[in-house]
Trainee: 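One structure is given below, represented as structure tokens, and several questions about it will come after.
Chain naming here is simple, since letters A, B, ... match the order of the sequence lines and numbering starts at 1 in each.
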Number of protein chains: 2
Amino acid sequence: MSTSNQQHKAGDLHFLKRLNRSAILELVRRTPGLTRADIATQAQLTKATVGAGVQSLLNQGWLREGELQKSSGGRPGRALHLNEEQHVLLGAEVGVHGLRLVACTLAGQVLVSHHEHLVPTTPEVTAELLGELLHALMQEAPVKKRRCLGLGIALPGPIAPNKPVLRLAPNLGWRDVRFLELLRPHLPHLEGTWLMDNEAKSAAFGELYFRTGNIPESLVYVSAGTGIGSGMVEGSHLPLVTRGIQGLAGEIGHTVLQPGGLYCHCGNRGCAETLVSGWSIRAALGIAEEEDLIESLLPRLDEPDVQVTLRRAGEALGVLLLNLHHTQNPSEIVLGGSLTQLGAPLLGPALDFFKANQNRLLGTTQQVPLRVVQDSTFIAARGAAAQVLASIIHGSSDLGDTFF
Amino acid sequence: MSTSNQQHKAGDLHFLKRLNRSAILELVRRTPGLTRADIATQAQLTKATVGAGVQSLLNQGWLREGELQKSSGGRPGRALHLNEEQHVLLGAEVGVHGLRLVACTLAGQVLVSHHEHLVPTTPEVTAELLGELLHALMQEAPVKKRRCLGLGIALPGPIAPNKPVLRLAPNLGWRDVRFLELLRPHLPHLEGTWLMDNEAKSAAFGELYFRTGNIPESLVYVSAGTGIGSGMVEGSHLPLVTRGIQGLAGEIGHTVLQPGGLYCHCGNRGCAETLVSGWSIRAALGIAEEEDLIESLLPRLDEPDVQVTLRRAGEALGVLLLNLHHTQNPSEIVLGGSLTQLGAPLLGPALDFFKANQNRLLGTTQQVPLRVVQDSTFIAARGAAAQVLASIIHGSSDLGDTFF
DNA sequence: CCGCTTAGTAAATAGAAAAAACTAAGTGGA
DNA sequence: TCCACTTAGTTTTTTCTATTTACTAAGCGG
């Protein structure tokens, strides 16, 4: 979401009504099967208010009624669930080596996905191709019959705050791209909320927002691919993405880990990316740009020079994770990106270092959950779709008016 | 503020009323001299609603009317200001070398302050002394005649999230201290909101919250003293403090800058604090614990070994600042703590490094405002007082009911 | 002096949630 | 089977808040 801090919050009755409808929808989304009575308790609203709110959400197709609950000595409540048949969310990621597209339900379940390999080209050509692919995706059966709520695009670089501009994508060679504007002419009939964000931030958002049950208070997604980026989201009810004044929050690949170290493409020395990233591994092992890094390395994991290179990179990754722990201290860390496919030779040293040191300061034994995503292909695209949904439920999107 | 994420937000009419009153108060606090009409425009409320809200805030002593504004072809509006005569906020910082106390107005103006030097002792003894000093502070003329809204305590270590427990204060030798509970018996008659937070987080909060006019969207306060800590606040209307799941957010002193480097007191190697901190400078120059670091160094700034030590420490500080820029990317950085008194020999290299590298990634010339606080003695204490006010205006404190 | 503009207040209205009273639908015990 | 009891959910009435509309207040400029 490229939107940011609104003016000071005040509101009228209409605002209050919508706030409460959003709260109801959000509660059911996070805890499927709640009854009206449960909602009334948790949201601190009266049964009457909840009843009216649920009714209109049912009427508009956001919710559906489920089975009767077990009785505990009284009338059993009726379970409520998201109505996942009605709407669809579109998400896409523009990556260095390809386009990833998803169409998913309100619960984040991917209905259809598509991965198109391609070599980096201009924003205009990319937008045209993405437009065609999205158009094709929308023609597929499970998507076509649903109402589309909007489209989110994840991009590999910092996004300007408050306006949808990709400031820089070093690995694509792009700068100051208004990608949504380029895409719009190719999808003239796609209504709903359109937004774009950095891929790691979208991924982080989706990982938190589509979670049900026990929801962490904050989450950092570390994207380890050609470069290294991260995204932090905070707040379990409406996750807030940390962007920074220039969109540079989470650019952990350019934190300095080795003052006076190797030169980075950014011009500084000793950046984390000079130690751990797709390009630093290529450079260390002399792997050409044309070859697929992962495919060329997977058969060579036993070779000593590969092992040494990956171990060193892994140690640097471990330092990055620990530094994240001591600066953001998220409730959960999710590690994704193409490099995770290299497995233990890279990740072993990283996780070992992190686990060995994460409790030094407090002297406790609490472990911060750290999950490695093996296949992170569609995570960012799905996250961008999540951001669309959130902007409708919590934001100022007109689509939120259908709650009434 | 040691409170965190509430349950999902829904509300009744009372909640709405209070939200709007808070918004009005907040607008006047941030922009003194607004008229009712200005507020109606900015808060998107009608004149009637604003009029009623202002009236009750006037009645309760939160606001006062000021002079008539210049007319622009119609009836001139009446300026509104915070009523600073009515209330007082108390803040205190427990530091390694002393206790700092302030009493300040709603606008953050310090009415009375006190700095008590002392050597670290037990939490119990410290609480008793602080209780006496606060009691004395409250007897002073400008404080005594006002209604006290509460007390905020800033402490030099990570605070547990959601509960007021100081988990660890390495430089005091404290662990798991419920400081408010220890203090309570010594101030039985002090009503209002009590809270505690980490000193860098309190400082950051205060620096943002008491700002008027053009308010940054986020701010990081870096506290460079015996150790190095930082606090980040985000959101210009209600600043949100990043705490982390264990309260470790902002512990930048324990980010690793030199893998395999010197041993830190935390047991890890190459922490930032081994390169730049009060204790690392003491260690490098052989300055005993009993001596005051700053006083012993100020006359020696010309000595070559001192210069080399401070330059190296400064360079490490510069790396820390740059890493902050690439992880949080705050709108503004404020650098405080006792080490800033060492001036150019330490700060020169730090600021040079930061300024030389902060624009590498985007290739722009935008400078992130970086302000060095020469005398940061009462910043954290004042920030803790700010947190008290914020918890009343925006939070669930009963004192917020006086808005009606 | 008078039309015009803007600030602020007062009275009437609309609309939201709450409160109270109700119906619905189960339990369990006699 | 009946019936007291419990909990879920709805309907009706009431309360409360912001809005709307109409008004008064107070300046400007011709």
Trainee: Among the nucleotides C/dA16, C/dG8, D/dT19, which one has an atom lying closest to any side-chain atom of B/L45?
Mentor: D/dT19

Trainee: Looking only at side-chain N and O atoms, does A/R18 come under 4.0 Å of OP1 or OP2 in C/dA16?
Mentor: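 A/R18 to C/dA16 OP1/OP2: no side-chain N or O under 4.0 Å.
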
Trainee: Under 30°, 30 to 60°, or over 60°: which ring-plane class applies to A/H394 and A/Y209, parallel, tilted or perpendicular?
Mentor: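 Taking A/Y209 first and then A/H394, their aromatic rings stand perpendicular (interplane angle over 60°).
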
Trainee: My understanding is that only residues two or more places apart in sequence, or in another chain, count here; which of them pass side-chain hydrogen bond (donor to acceptor under 3.5 Å, both in side chains) with B/W62?
Mentor: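 For B/W62 the side-chain hydrogen bond (donor to acceptor under 3.5 Å, both in side chains) partners, ignoring immediate neighbours, are B/T402.
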
Trainee: Under 4.0 Å, heavy atom to any atom of DNA chain C: which of residues 47-59 of chain B qualify?
Mentor: B/K47, B/A48, B/G51

Trainee: Going by the rule side-chain hydrogen bond (donor to acceptor under 3.5 Å, both in side chains), which residues pair with A/D401 if we only count those two or more places apart in sequence or in a different chain?
Mentor: none

Trainee: With a 4.0 Å cutoff (strictly under), does any side-chain N or O of B/N20 reach OP1 or OP2 of D/dT17?
Mentor: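 Answer is no, no contact under 4.0 Å.
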
Trainee: Check every atom of C/dT9, D/dG9, C/dA17 against the side chain of A/R78 and return the nucleotide holding the closest atom.
Mentor: D/dG9

Trainee: Should A/R211 and A/E332 count as an ion pair when the cut-off is N to O under 4.0 Å?
Mentor: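 Here A/R211 pairs with A/E332 in a salt bridge, since their nearest N and O are under 4.0 Å apart.
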
Trainee: With sequence neighbours excluded, what pairs up with B/R147 under the side-chain hydrogen bond (donor to acceptor under 3.5 Å, both in side chains) test?
Mentor: none

Trainee: If I take atom CG in residue A/L19 and atom P in nucleotide C/dA17, what distance separates them, rounded to the nearest angstrom?
Mentor: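 These atoms are roughly 10 Å apart.
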
Trainee: What pairs of nitrogen or oxygen atoms, one from the protein and one from nucleotides 26-28 of chain C, lie under 3.5 Å apart?
Mentor:
unit_1	atom_1	unit_2	atom_2	d
C/dG26	N2	A/G73	O	3.1

Trainee: Can you list, pair by pair, the side-chain donor-acceptor contacts under 3.5 Å of residues 82-90 of chain B, counting residues two or more places apart and other chains?
Mentor:
unit_1	atom_1	unit_2	atom_2	d
B/N83	OD1	B/E85	N	3.1
B/N83	ND2	B/G61	O	3.3
B/E84	OE1	B/T105	OG1	3.1

Trainee: If you check every side-chain atom of B/L13, which of D/dC16, D/dG9, C/dA18 has the closest atom?
Mentor: D/dC16

